[in-house]
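Here the structure is laid out as structure tokens; the discussion comes afterwards.
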Amino acid sequence: MSDTPITTLPSEMLSAQAIKEEMLKIYPAKTRRKREKQILANDPESPQEIGANSRTIPGIITQRGCTYAGCRGVVLGPIHDIVHITHGPVGCSFYSWLSRRNLVRPVTPGDTNYLQYCMTTDMQEEEIVFGGEKKLAQACREAYAIFKPKAIAIYATCPVGLIGDDVHSVARKMSEELGINVCAFSCEGYKGVSQSAGHHIANNGVFKHMVGRDDTPQTSPFSINVLGEYNIGGDAWAIDELLRKCGIHVVSTLSGDVNYTQVCNAHTANLNVVMCHRSINYMADMMETKFGIPWFKVNFIGATGATKSLRKIGQFFGDKTLIDRIEEVIAQEMAVLRPIQADVKSRCNGKKVALFVGGSRAHHYQDLFADIGMETISAGYEFAHRDDYEGRAVLPTIKLDADSRNIEQIQVEADPARYNPRKTPEQLAEMEAGGFSFKDYDGMMRQMKKSSLIIDDISHHEMEKLIQICKPDVICSGIKDKFVIEKLGVPCKQLHNYDYGGPYAAFVGAANFYQEIDRMVNTKVWKHIVPPWRKRPQLEAAMTYSPKPTPEEAATTRLALKKAKAAELEAV
Ligand code: CFM
């Protein structure tokens with residue numbers, strides 16, 4: 001794309017390419033070469049190769065987090081009845097403490113919930129110099145003495161990797177000494193290019209040390225795990241409730257509002273459905289290989305997504321009563337939702353949205369916006385991989401780079417005693433011949449319009465350009481750029497923590513989200529915002545990037561400063 005002269009492009013591609021040019025022109029050559037692989041004009045028919053899961057260039061303001069955040073914060077953090085000990089300085093622990101809205105509602109009043117606690121070895125200079133293993137062992141003993149948890153998980157932070165503390169041997173010793181499951185995760189923040197590496201490390205550890213420890217069989221034939229659903233703002237509860245109404249039993253949600261026993265028992269389910277492909281596809285594959293549980297991708301965000309997902313689960317089990325019940329539930333839910341959707345659509349139809357979130361929501365929420373007639377003009381993930389953009393078909397062509405090689409690729413085999421294929425190979429083949437797809441994810445690009453802009457790991461500069469040129473009616477993003485966006489007069493809906501709202505999943509959540517977006521895009525308040533640097537020109541002069549002002553610009557700035565000074569003196 002970048003080599004094609006602009007004038008030879010078809011007209012509908014021109015604008016996307018021109019916007020891309022505008023974004024890139026400020027960058028030095030090396031930065032530009034890298035960023036141009038990460039910004040593409042979309043072609044849904046044949047998605048181009050995108051430069052994803054590569055290192056962010058230092059100096060560019062990114063929204064990404066670290067490997068420790070992906071492991072401790074995202075995948076393991078929500079397991080509420082195990083003790084999570086961060087081995088490292090207190091800051092790493094503090095900033096992973098209750099900062100993500102993975103809500104928890106213990107099953108019974110006596111059920112333990114340690115999520116309110118923040119536990120760390122609080123490493124000091126002494127441990128950095130002489131090693132911190134003793135202090136870590138002591139922290140495990142102390143935590144056990146106070147809480148008697150079912151399990152302890154230990155997380156290594158950057159300094160632990162640098163000084164070489166062996167967290168795994170401490171975990172083994174502590175397991176023997178305390179008689180509980182103590183497992184360690186080498187998820188040092190620097191281990192990968194983003195939190196995505198932490199997801200993989202967490203999947204490996206949860207699979208090796210937890211899944212399969214409790215063989216209690218399921219009584220419901222329609223028992224499933226919901227993988228990659230973290231109960232942000234109560235989403236998992238909304239999905240659970242919907243599935244329960246249909247007669248589907250959720251064994252384990254990995255890992256939204258889940259306890260240790262449920263995780264250990266997850267391998268007894270008959271199906272894995274995957275919400276967030278990025279953070280948990282490894283687990284789905286490993287469980288299939290070891291236990292014979294098939295998986296497919298679902299999306300419970302938005303009415304269309306939830307309907308399709310429910311029907312697919314019904315089709316998988318192939319039970320007439322279940323399928324009928326699912327249709328009844330869809331009809332009931334839609335009877336309530338349809339008028340709200342139509343009302344909101346009458347005001348939102350044709351409005352434009354851009355989404356830059358994590359590794360799955362920037363795609364999931366496009367379905368929901370489509371429900372109310374809103375068009376996604378641009379989207380991108382922070383840290384997803386090529387398969388999340390281009391579809392899983394490209395998996396064999398993704399080259400393992402040095403950063404990915406850092407992460408253990410565990411070899412999984414069928415469990416000699418417990419491998420139990422939920423469908424025979426013949427049944428699977430027959431279903432696939434009928435158009436049913438397993439292990440499927442087509443990625444974001446195939447669903448997006450031709451020549452919409454795909455931007456991986458967007459920077460603040462690119463976001464500003466996008467706003468100036470495309471003027472979206474709302475942008476979905478996170479706290480790291482919310483206020484940059486809003487100061488430019490565009491409402492920003494946070495799709496990580498939901499701005500303290502939610503749930504947005506399932507039909508009940510869709511109604512919440514439609515109404516919230518309606519309020520945001522149809523209020524006039526944003527048109528009246530004047531950022532401070534427009535009122536105080538001296539601020540503009542200091543903040544606008546300008547390598548060398550032209551003589552005219554310098555004269556204007558001098559004049560503005562003089563005027564501001566005079567106004568200030570007058571005020572005194
Ligand atoms: Fe998956 Fe997530 Fe996401 Fe994610 Fe996340 Fe999150 Fe997210 Mo924030 S697991 S990839 S690492 S859906 S915390 S619940 S909102 S970036 S899009």
Side-chain angles (χ1 to χ4, degrees), residues 52-53 56 62-79 95-104 187 189 192-203 206 226-239 253-258 273-284 297-302 305 354-368 379-385 387-389 441 443-444 456-458 475-482 492-505 509 513:
N53 191 32
T56 303
T62 173
Q63 307 164 343
R64 287 175 164 176
C66 70
T67 301
Y68 160 75
C71 179
R72 190 263 180 257
V74 174
V75 178
L76 275 127
I79 308 175
Y95 289 109
S96 63
W97 174 49
L98 298 183
S99 53
R100 182 161 169 268
R101 295 183 66 230
N102 38 248
L103 308 183
V104 160
C187 55
V193 302
S194 69
Q195 55 265 64
S196 169
H199 302 150
H200 196 166
I201 293 165
N203 276 233
V206 171
V226 182
L227 304 186
E229 167 47 59
Y230 300 91
N231 202 30
I232 309 298
D235 275 356
W237 294 334
I239 296 170
T253 300
L254 278 179
S255 37
D257 191 14
V258 71
V273 296
V274 171
M275 270 290 279
C276 171
H277 174 265
R278 181 64 267 136
S279 64
I280 212 137
N281 67 87
Y282 322 93
M283 177 67 76
K297 175 84 180 65
V298 290
N299 179 19
F300 283 104
I301 302 295
L355 305 100
F356 302 100
V357 202
S360 71
R361 293 185 174 180
H363 184 195
H364 285 166
Y365 277 79
Q366 292 187 28
D367 278 357
L368 201 153
Y381 299 119
E382 286 165 45
F383 50 76
H385 300 197
D387 40 325
D388 304 289
Y389 284 104
Y441 185 39
M444 172 197 275
D456 181 61
D457 187 20
I458 194 170
I475 292 182
C476 295
S477 189
I479 192 66
K480 290 169 194 159
D481 39 25
K482 180 179 175 81
C492 173
K493 177 68 199 163
Q494 291 193 70
L495 276 192
H496 298 264
N497 71 353
Y498 293 166
D499 286 310
Y500 320 107
Y504 298 141
F513 198 79

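Order of listing sets the numbers, starting from 1, for every ligand and every atom in it. None of the values given here were measured: they were computed from a predicted structure. We number each residue from 1, following the sequence as shown.
Screening Tyr441, Tyr381, Phe356 against His363 for a ring-ring contact (aromatic ring centres under 6.0 Å, His included) leaves a single residue, Tyr441.
For the residue pair Asp388 and His277, a side-chain donor N or O sits within less than 3.5 Å of a side-chain acceptor on the partner. Checking His496 against Gln63 by side-chain atom types alone, no donor-acceptor pair falls below 3.5 Å.
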Cut-off 3.5 Å, no hydrogens considered: what does the side-chain donor-acceptor table look like for residues 232-239, sequence neighbours left out?
{"unit_1": "Asp235", "atom_1": "OD1", "unit_2": "Tyr504", "atom_2": "N", "d": "2.8"}
{"unit_1": "Asp235", "atom_1": "OD1", "unit_2": "Ala505", "atom_2": "N", "d": "3.0"}
{"unit_1": "Asp235", "atom_1": "OD2", "unit_2": "Tyr498", "atom_2": "OH", "d": "2.5"}
{"unit_1": "Trp237", "atom_1": "NE1", "unit_2": "Asp257", "atom_2": "OD2", "d": "2.7"}

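For a heavy-atom separation below 4.0 Å, the residues in contact with ligand 1 are Val74, Arg100, His199, Tyr230, Ile232, Cys276, Ser279, Gly358, Gly359, Ser360, Arg361, Phe383, Leu495, His496.
With sequence neighbours left out, the side-chain contact (heavy atoms from CB on, under 4.5 Å) criterion links Ser196 to Ser194, His199, Arg278, Tyr282, Phe383, His385. Partners of Thr56 by side-chain contact (heavy atoms from CB on, under 4.5 Å), not counting sequence neighbours, listed by chain and number: Ile60, Thr62, Arg64, Asp457.
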